[in-house]
Amino acid sequence: MVGEITIEDADGPWLSGRFVAGPAFPDLEPLFQQELALLDTLDEDYERWETIYGKITRAVHLVAPHGQVAEFLLHVQDGEAWFRWSDEPFAEE
């Protein structure tokens with residue numbers, strides 16, 4: 001298990017809350033750190049962000065009380081997580 005999120009706030013499609021790391025998180029934490037750093041340059045280098053985030057989504061599944069969700073966007077930093085999810089794949093933009 002990578003970790004568990006206790007939802008403390010909901011704002012639009014985004015949910016956020018406390019993140020308690022599980023035993024698999026230390027191996028993935030550098031990817032989450034890289035992903036967040038790349039958000040600042042998303043307009044200039046979207047492909048680099050997409051590559052790093054792809055590694056996260058291949059390694060992590062987001063599970064809601066009803067089961068695994070089809071698609072999600074997840075950020076984790078300093079014991080906090082914020083994310084959005086969908087039971088259907090996100091629309092291509």
Side-chain angles (χ1 to χ4, degrees):
M1 185 159 102
V2 173
E4 187 170 331
I5 303 167
T6 301
I7 297 171
E8 297 173 333
D9 192 31
D11 184 17
W14 291 94
L15 302 171
S16 62
R18 189 174 62 245
F19 176 78
V20 177
F25 185 69
D27 291 337
L28 295 171
E29 187 174 15
L31 288 176
F32 282 102
Q33 291 171 345
Q34 287 179 309
E35 184 270 335
L36 281 174
L38 290 169
L39 283 179
D40 291 335
T41 60
L42 198 59
D43 289 337
E44 294 87 38
D45 199 353
Y46 180 79
E47 288 180 6
R48 188 166 174 216
W49 174 86
E50 190 174 47
T51 297
I52 295 297
Y53 197 75
K55 291 178 182 181
I56 291 171
T57 58
R58 285 188 295 279
V60 174
H61 301 284
L62 186 64
V63 180
H66 68 276
Q68 186 172 321
V69 301
E71 189 137 14
F72 61 92
L73 183 56
L74 170 66
H75 309 292
V76 177
Q77 182 178 42
D78 299 330
E80 297 290 322
W82 57 105
F83 65 98
R84 58 187 292 180
W85 64 276
S86 175
D87 281 330
E88 301 293 327
F90 290 149
E92 292 292 322
E93 294 182 15

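This structure is a prediction, so every number in the text was calculated from the model and none was measured.
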Do Phe32 and Leu42 land in one hydrophobic cluster if side-chain heavy atoms of ILVMFWY residues count as linked below 4.5 Å?
yes

In the structure I gave you, are the side-chain heavy atoms of Ile7 and Phe83 within less than 4.5 Å of one another anywhere?
yes

Looking at every non-hydrogen atom in both residues, tell me the closest pair between Val2 and Phe19 and how far apart they are.
O-CZ, 3.7 Å

Sequence neighbours excluded, the answer for salt bridge (charged side-chain N to carboxylate O under 4.0 Å, His left out) partners of Glu29 is none

Measure the CZ-NE2 distance between Phe72 and His61 for me, rounded to the nearest 0.5 Å.
8.0 Å

For residues 79-88, which residue pairs pass the salt bridge (Lys or Arg N to Asp or Glu O under 4.0 Å) check, not counting sequence neighbours?
none

Atom of Leu73, atom of His75 and distance for their closest heavy-atom approach
CG-NE2, 4.1 Å

Between Glu35 and Ile56, which heavy-atom pair has the shortest distance, and what is it?
CB-CD1, 3.9 Å

Just verifying a value: how many Å separate Glu50 CD and Thr57 OG1, rounded to the nearest 0.5 Å?
9.5 Å

Which value, rounded to the nearest 0.5 Å, describes the distance between Glu44 atom CD and Leu38 atom CG?
11.0 Å

Applying a strict under-4.5 Å side-chain criterion to I, L, V, M, F, W and Y, I'd like to know whether Leu28 and Val20 cluster together.
no

Given the rule that I, L, V, M, F, W and Y join up when any side-chain heavy atoms are under 4.5 Å apart, are Leu39 and Tyr53 in one cluster?
yes

Going hydrophobic residue to hydrophobic residue with side-chain gaps under 4.5 angstrom, can you get from Leu74 over to Leu36?
yes

Parallel, tilted or perpendicular for His66 and Trp85, by the 30°/60° rule?
tilted

Which atom names give the shortest non-hydrogen contact between Trp82 and Ser16, and what distance separates them?
CB-CB, 3.8 Å

Answer yes if Ile5 and Trp14 sit in the same cluster of Ile, Leu, Val, Met, Phe, Trp and Tyr residues linked by side chain heavy atoms under 4.5 Å apart, and no otherwise.
yes

Measure up the Tyr46 and Trp49 rings against each other and bin them: parallel (under 30°), tilted (30 to 60°), perpendicular (over 60°).
tilted

Flag side-chain contact, heavy atom, 4.5 Å: Leu31 against Gln34
yes

